[in-house]
Amino acid sequence: MKCRTCRGPAIIELPRHNANFCAEHFLQMCRRQVEKAIHDHDMIKKTDRVLVAVSGGKDSLAVWDMLVELGYQADGLYVALGIGEYSEESREYTERFAAERNLKLTVVSLRDDYGYDIPTATKVTGRVPCSACGMSKRHLFDKAAVDGGYDVVVTGHNLDDEAAVLFGNALRWDVEYLARQLPVLPSRHGFPKKVKPLIRLTEREMAAWCVIRGIDYIVEECPMAEGNRHIGYKEVLNVLEEKSPGTKASYYLGFLDRMAPVLASIAATGADSVTPCVQCGAPTGGEEGSVCAFCRLVERSAAHEPVSVELVRKKSRSQKRVQAEASKK
Ligand code: AMP
Ligand code: FES
Ligand code: ZN
Ligand code: ZN
């Protein structure tokens with residue numbers, strides 16, 4: 001197996017590029033894909049102050065590493081979600097990464113700073129964990145970016161993530177979500193710009209980046225995301241990818257090239273007016289004098305006694321069993 005670029009011994013095979021690479025040229029290929037995504041979608045300017053949302057997983061640590069390498073001024077933000085050992089460990093990986101490279105990392109803790117955590121919020125809302133989790137993260141990313149004077153927020157969403165979300169949206173023909181599924185969200189109504197520079201790279205490639213660069217990351221998935229629909233969509237796309245390498249990239253990148261422009265007029269019809277939340281000042285789509293969804297979640301969850309991860313998982317497993325039994329009848 002020889003490297004496509006230097007003909008030296010290759011360490012990774014990439015069927016979707018019909019090529020193999022040595023470590024050095026694999027890293028070069030990854031950098032070029034990130035630079036291309038940033039350039040094609042006008043994601044980040046060299047003078048921008050960048051805030052990278054880091055979870056301690058491979059993707060967000062890799063994107064932070066790449067942006068710093070490429071010369072961007074990139075600081076990190078970690079949100080401690082209070083999901084038991086999983087959160088404690090992922091925080092340790094993130095803090096170690098930042099300390100070893102002398103990078104600036106801000107940590108926001110749901111429990112210490114807001115008086116709740118994701119297991120408790122899940123119990124209170126009665127929804128899937130990712131619902132309270134996603135909303136809390138979005139709010140805190142926006143707030144940290146605005147308070148810290150950052151120009152753009154970066155997340156580690158990769159090609160597998162985006163293709164899976166696209167697949168779900170297309171299965172439901174959720175046209176509004178499809179229209180907004182772009183790798184750049186411009187800054188609007190007081191919300192910061194948000195970008196996804198890893199859309200041209202896969203999960204496997206990001207794991208390889210971390211191994212080659214000596215980055216330790218949390219391998220376990222979030223214990224509360226068990227049974228999440230996107231995991232199923234990823235599995236389906238992986239089967240297709242195996243049969244026909246390159247399918248995932250042509251599906252998602254082809255959507256951006258050829259379908260997203262067709263949907264542009266729908267994307268433009270979002271909420272036109274926002275008002276500041278009367279409690280925290282964050283922009284909200286509600287009427288004048290209203291309280292944002294995040295503040296409402298904090299109020300309800302902080303008043304509830306703390307709930308353990310295990311309790312929420314047990315409940316969701318038994319709910320699934322009931323649903324499975326009901327669907328048999
Ligand atoms: P997920 O929603 O877990 O797939 O994560 C998507 C992206 O959100 C990650 O690549 C990170 O950029 C960011 N992210 C997820 N969890 C956290 C966290 N606890 N703190 C900061 N950023 C996070
Ligand atoms: Fe959000 Fe698991 S990381 S529910
Ligand atoms: Zn090579
Ligand atoms: Zn608020």
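Here the structure is a predicted model, which means the values were calculated and not measured. Heavy-atom basis, side chains included; hydrogens, waters and symmetry copies ignored. Residues: numbered from 1 along the sequence shown. Atoms within each ligand, like the ligands themselves, are counted from 1 in listed order.
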**Student:** Taking the side chain as everything from C-beta on, heavy atoms only, tell me whether Glu162 gets closer than 4.5 Å to Pro183.
**Tutor:** no
**Student:** Can you report which non-hydrogen protein atom sits closest to atom 17 (C) of ligand 1, along with the distance?
**Tutor:** Ser55 CB, 3.5 Å
**Student:** Does the shortest distance from atom 1 (Fe) of ligand 2 to an N/O/S atom of Cys130 fall below 2.8 Å?
**Tutor:**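 No.
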**Student:** As a test of the contact definition, would atom 4 (O) of ligand 1 count as having a protein heavy-atom neighbour under 4.0 Å?
**Tutor:** no
**Student:** Run the numbers on Asn169 and Asp174 for side-chain hydrogen bond (donor to acceptor under 3.5 Å, both in side chains), then give the verdict.
**Tutor:** CA-CA 5 Å; Asn169 288 339; Asp174 203 328; over 6 Å; no
**Student:** Can you sort out which atoms of ligand 1 are near Leu77, meaning under 4.0 Å from one of its heavy atoms?
**Tutor:** 21 (C)
**Student:** Kindly indicate whether a cation-pi arrangement holds for Arg101 with Phe97, taking the cut-offs as under 6.0 Å to the six-membered ring centre and within 45° of the axis.
**Tutor:** yes
**Student:** Report, rounded to 10°, the angle at the Zn ion (ligand 4) between the two atoms SG (Cys280) and SG (Cys277).
**Tutor:** 110°
**Student:** With atoms numbered from 1 as shown, which atoms in ligand 1 lie under 4.0 angstrom from a non-hydrogen atom of Thr155?
**Tutor:**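 Counting atoms of ligand 1 from 1, those under 4.0 Å from Thr155 are 12 (O).
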**Student:** Do Met224 and Val309 make a side-chain contact, defined as non-hydrogen atoms from C-beta onward lying under 4.5 Å apart?
**Tutor:** yes
**Student:** May I ask you to establish whether Arg96 and Tyr93 are in a cation-pi arrangement, using a distance under 6.0 Å from NZ or CZ to the six-membered ring centre and at most 45° from the ring axis?
**Tutor:** yes
**Student:** In the protein, what heavy atom is nearest to atom 13 (C) of ligand 1, and what distance, to one decimal place, separates them?
**Tutor:** Ala53 O, 3.8 Å
**Student:** Among all protein non-hydrogen atoms, which one is nearest to atom 21 (C) of ligand 1, and what is the separation to 0.1 Å?
**Tutor:**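 Checked against all protein heavy atoms, atom 21 (C) of ligand 1 sits closest to Val54 O, 3.1 Å.
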**Student:** Using only atom types and a distance under 3.5 Å, with no angle test, would you say the side chain of Glu205 pairs donor to acceptor with the backbone of Thr202?
**Tutor:**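 Yes: the side chain of Glu205 pairs with the backbone of Thr202.
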**Student:** Tell me: protein heavy atom nearest atom 2 (Fe) of ligand 2, and distance?
**Tutor:** Cys222 SG, 2.1 Å
**Student:** Where the closest heavy atom to atom 23 (C) of ligand 1 is concerned, which of Trp64, Tyr86, Phe141, Tyr78 has it?
**Tutor:** Phe141
**Student:** Considering only non-hydrogen protein atoms, determine which one is nearest to atom 1 (Fe) of ligand 2 and report residue, atom name and distance to 0.1 Å.
**Tutor:**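 Checking every protein heavy atom, the shortest distance to atom 1 (Fe) of ligand 2 gives Cys133 SG, 2.1 Å.
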**Student:** What I'd like to find out is whether the side chain of Cys295 reaches to under 4.5 Å of the side chain of Cys292, using heavy atoms alone.
**Tutor:** yes
**Student:** Give me the nearest non-hydrogen protein atom to atom 7 (C) of ligand 1 as residue plus atom name, then the distance to 0.1 Å.
**Tutor:** His157 CE1, 3.8 Å
**Student:** So, regarding Gly156 and ligand 1 (criterion: nitrogen or oxygen to nitrogen or oxygen, under 3.5 Å), is there a contact or not?
**Tutor:**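 There is such a contact, yes.
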**Student:** Check if Asp161 has a non-hydrogen atom at a distance under 4.0 Å from any atom of ligand 1.
**Tutor:** no
**Student:** Please could you name the atoms of ligand 1 that Ser60 approaches to less than 4.0 Å, counting only its heavy atoms?
**Tutor:**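 Counting from 1, the qualifying ligand atoms are 10 (O), 11 (C), 12 (O).
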**Student:** Got the closest protein heavy atom to atom 20 (N) of ligand 1, with its distance?
**Tutor:** Val79 N, 2.9 Å
**Student:** At their closest point, which heavy atom of Thr122 faces which heavy atom of Val128, and how far apart are they?
**Tutor:** CG2-C, 4.4 Å
**Student:** Starting from atom 1 (P) of ligand 1, what is the nearest protein heavy atom, named by residue and atom, and what distance separates them?
**Tutor:**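 Protein heavy atom with the smallest distance to atom 1 (P) of ligand 1: Lys137 NZ, 4.1 Å.
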